[in-house]
Amino acid sequence: VLGFLEQPLDFEHVNVFIDNDPLVKPTTNRLDSPVKVKRVFYIDTPWISDLCDMRSDRFKDRRLEHREHLARTLCSSIKSSTMALFDVMKSVVHGVTESKKTNAGYRLVFNSDEFQQMFSLFHCATGVKAFSLLQLLLSSWKLDDGTLLILDEPESNLHPEWIVEYARAVVLLHKILGVHFLISTHSTDFVAGLQAISKKEEAESDVRFYLAERQSSGLYAFSSQGFDISKIFDSFN
């Protein structure tokens with residue numbers, strides 16, 4: 001994540017903690033990563049998949065480089081994956097998304113089992129796009145214990161049943177492949193789904209919930225809730 005910053009952080013005014021443990025090393029002026037992250041993918045919208053059908057020089061704006069990075073990875077995915085995790089997501093959307101090379105570049109296509117037909121992912125619903133991103137990342141073989149996926153409100157384009165299924169995919173990606181996640185959400189269904197499924201899969205020791213609370217200064221403080229989500233639900237109510 002810090003690789004996107006052009007200027008070094010001012011560590012005299014920045015303190016970073018996880019569960020009260022400082023991550024800034026004063027002697028080296030560097031962040032001590034809590035996990036060994038080799039690659040980072042930031043998914044801020046499922047419409048990132050559309051970029052594979054619209055190649056352009058729009059990414060001269062450095063603020064959008066994370067989308068270009070992800071789009072290139074999606075287009076490099078192989079035809080399909082034989083992993084059981086792939087079948088889990090396939091069963092949700094009833095189909096498989098693949099990257100196809102054409103004379104004009106790459107196109108992402110969704111092969112629908114339900115309709116026995118192929119569709120351009122560009123024209124598919126946002127829920128299908130959201131699960132397709134995970135399918136394509138799996139197919140690219142870029143998801144492992146050295147990967148951090150940053151998800152910004154992944155539930156915002158999913159109906160309630162698929163919100164829970166997305167939470168299941170997140171838990172299984174971590175349990176089976178070791179993928180690390182940093183997720184922001186406003187959905188009680190997603191929070192409850194993550195808690196219940198991680199407990200069922202015996203992965204609760206790896207899950208931490210944080211509550212963002214607005215301070216009088218206008219800034220936000222993130223308080224660790226451990227595995228307890230009761231205060232998070234109270235804040236919604």
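We're numbering straight along the sequence, starting at 1.
In this structure, the side-chain contact (heavy atoms from CB on, under 4.5 Å) partners of L182, at least two apart in sequence or on a different chain, are L148, I150. S217 meets the side-chain contact (heavy atoms from CB on, under 4.5 Å) test with Q215, L219; sequence neighbours excluded. Residues satisfying the side chain to side chain donor-acceptor pair (under 3.5 Å) test with K129, not counting sequence neighbours, are D50. Every residue two or more places apart in sequence or in another chain was checked for a salt bridge (Lys or Arg N to Asp or Glu O under 4.0 Å) with E213, and none qualifies. Contacts of K231 classified as side-chain contact (heavy atoms from CB on, under 4.5 Å), with partners at least two apart in sequence or in another chain: L211, Q225. When the side-chain contact (heavy atoms from CB on, under 4.5 Å) test is applied to E114, the partners found at least two apart in sequence or on another chain are H94, S112. Considering only residues two or more places apart in sequence or on other chains, Q195 meets the side chain to side chain donor-acceptor pair (under 3.5 Å) condition with none of them. With sequence neighbours excluded, no residue forms a salt bridge (Lys or Arg N to Asp or Glu O under 4.0 Å) with D228. Residues satisfying the salt bridge (Lys or Arg N to Asp or Glu O under 4.0 Å) criterion with K175, sequence neighbours excluded, are E201. Not counting sequence neighbours, E204 has no partner by the salt bridge (Lys or Arg N to Asp or Glu O under 4.0 Å) test. Listed by chain and number, the residues in a side chain to side chain donor-acceptor pair (under 3.5 Å) with D206 are H174 (sequence neighbours excluded).
Classified by interplanar angle (parallel below 30°, tilted 30° to 60°, perpendicular above 60°), the ring pair H159/W162 is tilted. Taking the six-membered ring where tryptophan is involved, the planes of F41 and H69 are essentially parallel, since the angle between them stays under 30° and well short of 60°.
For the side chain to side chain donor-acceptor pair (under 3.5 Å) condition, the pairs that include at least one residue of residues 184-193, sequence neighbours left out, are D152-S184, E153-H186, E155-T185.
Looking at heavy atoms from C-beta onward, K200 lies out of side-chain contact with V171 at the 4.5 angstrom threshold.
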Full working for side-chain contact (heavy atoms from CB on, under 4.5 Å) between L149 and L134
CA-CA 10 Å; L149 281 186; L134 298 182; 4.3 Å; yes
